[in-house]
Participant: 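First, the structure itself, so that you have it in front of you.
Below, chain A is the first sequence line, B the second, and so on; all start at residue 1. As the structure is a prediction and not an experimental result, all values here were calculated from the model.
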4 protein chains.
Amino acid sequence: MTTTAPDWRISEWLNTSQPSSLLQLRGKVVLVEAFQMLCPGCVSDGLPQAQRVHDMFGHDDVAVVGLHSVFEHHAAQTLTALTAFLHEYRISFPVGVDMPGAADGIPQTMAAYQMRGTPTLVLIDRQGRRRFQHFGHVPDLRLGAEIMALVSEAPAAATASTNAADQPTGVCTAAGCELPAAQ
Amino acid sequence: MTTTAPDWRISEWLNTSQPSSLLQLRGKVVLVEAFQMLCPGCVSDGLPQAQRVHDMFGHDDVAVVGLHSVFEHHAAQTLTALTAFLHEYRISFPVGVDMPGAADGIPQTMAAYQMRGTPTLVLIDRQGRRRFQHFGHVPDLRLGAEIMALVSEAPAAATASTNAADQPTGVCTAAGCELPAAQ
Amino acid sequence: MTTTAPDWRISEWLNTSQPSSLLQLRGKVVLVEAFQMLCPGCVSDGLPQAQRVHDMFGHDDVAVVGLHSVFEHHAAQTLTALTAFLHEYRISFPVGVDMPGAADGIPQTMAAYQMRGTPTLVLIDRQGRRRFQHFGHVPDLRLGAEIMALVSEAPAAATASTNAADQPTGVCTAAGCELPAAQ
Amino acid sequence: MTTTAPDWRISEWLNTSQPSSLLQLRGKVVLVEAFQMLCPGCVSDGLPQAQRVHDMFGHDDVAVVGLHSVFEHHAAQTLTALTAFLHEYRISFPVGVDMPGAADGIPQTMAAYQMRGTPTLVLIDRQGRRRFQHFGHVPDLRLGAEIMALVSEAPAAATASTNAADQPTGVCTAAGCELPAAQ
């Protein structure tokens with residue numbers, strides 16, 4: 001996971017008038033929270049946690065981006081519904097709608113990151129490399145540490161030390177919405 | 001609140017093939033949970049509590065009925081979206097869609113009960129009389145007691161003693177979705 | 001469990017200047033919360049719940065009594081320590097120190113009730129009969145219902161209907177301090 | 001707070017056969033959790049959090065030390081009682097009993113650090129300098145970040161950058177046991 005993270009593919013943005021590509025965020029640590037508005041674990045756990053990160057860390061250091069990666073209930077989780085949902089749940093960070101995929105219904109960014117379901121949390125370092133990815137619950141204590149490990153890296157110095165915070169893709173430990181086993 | 005409770009006005013039922021009127025439930029204690037699927041306090045608090053009541057009390061004594069009383073975000077909180085929501089949140093009791101109202105957007109049952117917003121919990125006794133109504137959070141300890149007070153009433157004996165568990169309409173003590181002040 | 005509950009045997013009382021025997025409380029529903037001040041499940045769960053009952057129900061109907069039933073760490077859980085503990089944790093209902101037992105270290109009231117450990121919650125009806133006993137966690141929704149079922153019984157009418165809320169001794173479902181298996 | 005942290009003054013150690021001075025821990029980040037066994041906020045919040053840090057971070061990088069700083073209820077919070085408490089609450093990191101103070105009852109380490117009460121959390125960097133001190137609740141997300149900021153510092157490189165994670169003494173935001181106002 002130390003190669004450059006694939007950019008997201010977004011059909012619509014909410015909560016921002018100036019959507020950013022990953023390349024434009026180069027130099028910051030990026031937290032991507034992939035979710036579905038009807039995924040209980042995302043609503044009770046993943047999204048409030050992402051909001052806490054957005055509220056606590058300086059935006060020059062850490063950028064939080066939501067990714068609405070719908071792989072089920074497409075007719076229910078529409079752009080209109082998502083807009084109302086973000087308003088009611090007081091989500092203030094930018095959220096992109098993951099571009100619908102081909103016949104299998106898996107949206108494109110989700111597929112590019114080989115996510116197992118929602119919620120999935122991804123951390124990308126200042127140089128644009130994916131360093132952490134986890135499906136399900138991540139304890140706050142660990143997430144704070146993982147983020148700060150990346151924040152503490154100087155953009156240049158980071159090149160040489162990629163293994164410290166490197167994490168294998170997590171095993172599901174919380175009530176997440178896992179993709180079909182065929183995946 | 002000791003007069004006969006107004007019957008609900010429902011456009012669609014979910015989670016049941018045999019929808020009941022209040023009259024048909026006469027003889028049981030009825031818990032009505034009025035909610036909106038995009039109301040955070042309903043999702044985190046009111047609906048899980050109603051499900052606990054449904055799971056704990058015998059269905060011969062207590063009938064739990066959900067009421068989807070949409071007064072905002074009408075385009076988002078559709079029947080399709082509600083169906084997906086109930087599935088994902090494992091809500092198993094019958095849910096009726098409160099009949100849309102006139103120009104003000106307040107659905108008809110909500111208006112008939114003069115509810116202040118969602119979540120609102122209503123208890124109706126074995127004789128069909130409204131005995132408890134509260135907007136916002138109700139502690140489990142109190143709800144268990146309120147329900148059992150009504151369950152303990154014999155259908156006949158109840159006629160004479162209506163004031164014991166009678167409760168004034170509650171003041172909002174939790175993060176609920178209140179109707180506009182004009183109401 | 002429909003025979004008369006054994007009276008408690010207490011060496012010291014705290015939080016009251018007028019300690020009551022069970023006989024003196026006849027006519028009220030009595031909740032006995034047996035605990036140890038160094039039992040984590042008692043501190044986080046059982047005692048706060050007993051305090052909620054004390055705060056919510058009318059004291060003419062329901063009497064809450066704590067029972068400090070020490071069967072381990074006798075040198076740590078002294079009367080001095082208990083006094084400080086009750087003060088810091090804002091426990092306001094009467095608490096009796098369960099009379100030390102014989103060689104096995106099980107205090108006398110605990111033994112008389114054949115409790116399995118702490119926390120144990122006991123409900124005694126208006127006629128002095130034990131109707132509910134549970135070791136470990138009791139959900140608030142259920143406890144509210146169990147209490148109100150007993151409150152709703154008229155002192156006289158209760159004689160004939162003893163089986164409605166009768167409960168077998170519970171299985172441990174929470175982090176309680178169980179007595180040694182030999183018990 | 002960038003001067004060398006005062007060493008602790010301890011009368012007894014528990015959970016360790018090899019007590020360490022701060023000097024001996026030089027090179028590691030040190031978390032000091034000052035508590036009292038009868039302080040509710042310590043029991044429900046501070047101590048479980050310190051245990052999570054002990055469980056999550058590598059012991060070559062982070063040393064967690066408990067400090068039993070008793071300033072009230074001296075007769076209740078004895079060494080015997082503390083020993084039983086640590087056993088029942090499954091606290092596994094070393095705990096030192098803060099040396100009793102003079103006439104005012106404030107123990108010596110607590111006084112040297114000018115703590116306001118319990119729980120107080122202190123972070124000391126790899127070079128032995130106090131960098132963070134907070135009375136009351138610290139969110140896990142922030143604590144994880146504060147610890148990792150110090151862990152990420154090389155022992156030498158740290159000399160030049162002391163202000164990044166420097167924190168003023170916190171204002172009380174949780175149910176802690178504050179020292180008398182005269183302090």
Participant: Should we count CZ of D:R9 as having more than 12 external heavy atoms under 6.0 Å?
Facilitator: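 Counting other residues, nucleotides and ligands, CZ of D:R9 stays at 12 neighbours or fewer.
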
Participant: Answer with side chain, backbone, both or neither: which region of D:S44 has an atom nearer than 4.5 Å to a non-hydrogen atom of chain C?
Facilitator: neither

Participant: So which atom in D:L38 and which in C:Y89 form the shortest heavy-atom distance, rounded to 0.1 Å?
Facilitator: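 Smallest interatomic distance, heavy atoms only, reads O-CE1, 4.3 Å.
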
Participant: So, for D:A81 and C:A76, which heavy atoms are closest and what is the spacing to 0.1 Å?
Facilitator: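 In this case the closest contact between D:A81 and C:A76 is CA-CB, 3.5 Å.
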
Participant: Heavy-atom count check: over 12 atoms from other residues, nucleotides or ligands less than 6.0 Å from D:R52 CZ?
Facilitator: yes

Participant: Among D:E72, D:Q36, D:M37, find the residue that satisfies the side-chain contact (heavy atoms from CB on, under 4.5 Å) test when tested with C:E88.
Facilitator: D:E72

